[in-house]
Amino acid sequence: MITRSRSFSGCKRIPISPGMFFFTLSLAFLFLLPRSSLVLGKGRDVGNTGPTPLADAALEEYPPGDRRFSVVSLANETSVGTKPYAHILVSPALEPKLYAALEEAYPPLSVLMALSGKAPTVRKGSNVRRDIPASISLQGYNVTEDAMGKLEYDKEDKKKHPVHPLWQRFVEYHISDKFYEDLSKLAGEHIAKFHGKKYVYGDPGYHGVQTRRAHAHKFKPSVDMDCQISFNTPVTKRSQVRGAHIDSAIKIFGALYYFKHAEDTSHGGDFSLYSCRGGCKPLSSSKVKTGNGHKQHTMFSARDTHVVTNVPYSANTFVLFINSKYAVHGVTPRSVTPYPRRLINFIGNRL
């Protein structure tokens, strides 16, 4: 047997087998690595698992309901585009100080995987979309509501929450009437054009929002909203999570907000807005994909579409589209990477 040994003064020479030598070396290597570099399957457990001084301090500066949480707080009329269809693009979407605090407290991949595993429908594999709905991320966030569904925050120990309380304030804001008012001010005319005036904040026919967490209202609400901490799993083979498609007709808007990791050098995962070449012909039902927890989407062939606007997967970038039969969109292929595609998914459906 081959042995490796060291002799120290006054110490006995101890033979070490090759297996024991490499096992000991591996243990030492793992202990020297920061937790963020440990591998979960094919993906790194990226994200801060230690103290969050920026996020903790932000709890004092950004109270619940603060409009600075709004991903369109820095938007103006130039942020609204109409080609190939109505959309809002804001970058940077949040002031750098708030974004840095949220990024610091962004749940690591291990937590994302665990929380999204509690969702009703879970898919596994490479470059797969997974979502953490507000009903999960707001657990421990003591909620009361009045007739219009306004939420109040009960300050508790942050260890009782599935995500940092700053993230819970962010999620809470984006399932509120305040956020829908923000959107209506920017794109109300486009919402009215494709979905009717009663779905615009301030119209006499508008009766507020319903969240997937709170449902008690004096009147039947107009809009069902969700704000999901979402991600695409690490990529083991270059692939596209979803090609050109349109969403269900009940959707008023869809939106994404990106939190790309600073060390993520992957390419792709961009959001594309398409136009049809003389009209899009839907793929047969056998070729239509279904997403994680989503209703069936109408898919189109790449031959019938071309990209008009491409929104890069880039930190602090927000894109929203007003849904219609013209709102063909998709995600570009993403290169192999151990990093998840980190994003926030916003949903607004007609009720």
Side-chain angles (χ1 to χ4, degrees), residues 34-38 40 43-64 66-75 89-116 129-132 134 136-138 141 158-159 161-175 179 227-235 255-271 311-320 334 337-346:
R35 181 177 173 182
S36 62
S37 64
L38 296 180
L40 289 179
R44 296 189 184 280
D45 193 18
V46 297
N48 184 20
T49 58
T52 53
L54 296 179
D56 295 345
L59 290 174
E60 298 298 323
E61 184 172 349
Y62 300 91
D66 193 314
R67 286 193 181 271
R68 290 175 293 175
F69 279 114
S70 176
V71 286
V72 294
S73 60
L74 302 181
L89 176 58
V90 193
S91 184
L94 294 182
E95 57 186 35
K97 186 177 183 179
L98 178 55
Y99 177 83
L102 287 166
E103 202 282 332
E104 177 192 65
Y106 201 100
L109 181 58
S110 57
V111 174
L112 293 173
M113 294 291 283
L115 292 177
S116 62
R129 168 74 171 274
R130 296 178 67 160
D131 304 305
I132 303 169
I136 292 177
S137 66
L138 288 180
Y141 192 87
K158 68 179 183 179
K159 292 181 180 180
H161 304 267
V163 296
H164 194 283
L166 187 68
W167 268 106
Q168 293 185 311
R169 294 182 186 183
F170 176 91
V171 170
E172 178 269 326
Y173 186 92
H174 291 98
I175 56 173
F179 180 56
C227 176
Q228 303 172 338
I229 301 175
S230 303
F231 64 103
N232 288 96
T233 56
V235 184
L256 301 176
Y257 180 37
Y258 290 141
F259 275 81
K260 187 174 184 179
H261 195 277
E263 297 177 2
D264 183 355
T265 59
S266 64
H267 302 286
D270 306 334
F271 184 82
V311 181
Y313 171 50
S314 181
N316 206 5
T317 297
F318 172 77
V319 58
L320 176 146
R334 193 163 182 240
T337 176
Y339 290 90
R341 177 175 174 256
R342 305 192 304 183
L343 58 96
I344 308 303
N345 183 48
F346 304 84

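Residues take their numbers from the sequence shown, with the count starting at 1.
A 4.5 Å side-chain heavy-atom check between Leu138 and Ile175 finds at least one atom pair inside the cut-off. Side-chain contact check for Arg129 versus Arg341: every heavy-atom pair is 4.5 Å or farther apart. For the pair Tyr99 and Tyr257, the minimum side-chain heavy-atom distance is below 4.5 Å. Under the 4.5 Å side-chain criterion, counting only non-hydrogen atoms from C-beta, Thr52 is in contact with Glu104. Contact annotation: the side chain of Leu112 never approaches that of Arg130 to less than 4.5 Å [non-hydrogen atoms, C-beta and beyond].
No side-chain donor-acceptor contact under 3.5 Å links Lys260 to the backbone of Leu343. Remark: the backbone N or O of Ser91 is not paired with any side-chain donor or acceptor of Asn316 at under 3.5 angstrom. A donor-acceptor distance shorter than 3.5 angstrom exists from the side chain of Arg169 to the backbone of Leu59, with no hydrogens or angles considered. For the pair His261 (side chain) and Ala315 (backbone), a donor-acceptor distance under 3.5 Å is absent. In terms of modelled atom types and a separation under 3.5 Å, the side chain of Asn232 and the main chain of Pro340 share no donor-acceptor contact.
For an aromatic pair to be called close, the ring centres must be under 6.0 Å apart, and Phe259 with Trp167 satisfies this.
Interatomic distance, Gln228 CD to His174 NE2, rounded to the nearest 0.5 Å: 13.5 Å. Distance check, rounded to the nearest 0.5 Å: OH of Tyr173 to CZ of Phe179 gives 8.0 Å. Here CG of Asn345 is found 12.5 Å from CZ of Phe231. Values are rounded to the nearest 0.5 Å. Remark: Leu98 CG to Leu166 CG distance equals 6.0 Å, nearest 0.5 Å.
Not counting sequence neighbours, the partners of Phe318 by the ring-ring contact (aromatic ring centres under 6.0 Å, His included) test are Phe346.
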Problem set entry | Stepwise side-chain contact (heavy atoms from CB on, under 4.5 Å) test for Tyr339 and Leu109 | CA-CA 9 Å; Tyr339 290 90; Leu109 181 58; over 6 Å; no
For this session: Would you please test Thr317 and Leu89 for side-chain contact (heavy atoms from CB on, under 4.5 Å) and show each step?
Result: CA-CA 8 Å; Thr317 297; Leu89 176 58; 4.2 Å; yes
For this session: Run the numbers on Leu94 and Phe69 for side-chain contact (heavy atoms from CB on, under 4.5 Å), then give the verdict.
Result: CA-CA 7 Å; Leu94 294 182; Phe69 279 114; 5.8 Å; no
Problem set entry | Leu256 and Ile344: CA distance, side-chain angles, deciding distance, side-chain contact (heavy atoms from CB on, under 4.5 Å) verdict | CA-CA 6 Å; Leu256 301 176; Ile344 308 303; over 6 Å; no
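Using a 4.0 Å cut-off between charged nitrogen and carboxylate oxygen, Arg334 and Asp264 count as a salt-bridge pair.
Figure legend: Arg342 and Tyr106 shown as a cation-pi pair, the cationic atom lying under 6.0 angstrom from the six-membered ring centre and within 45 degrees of its axis.
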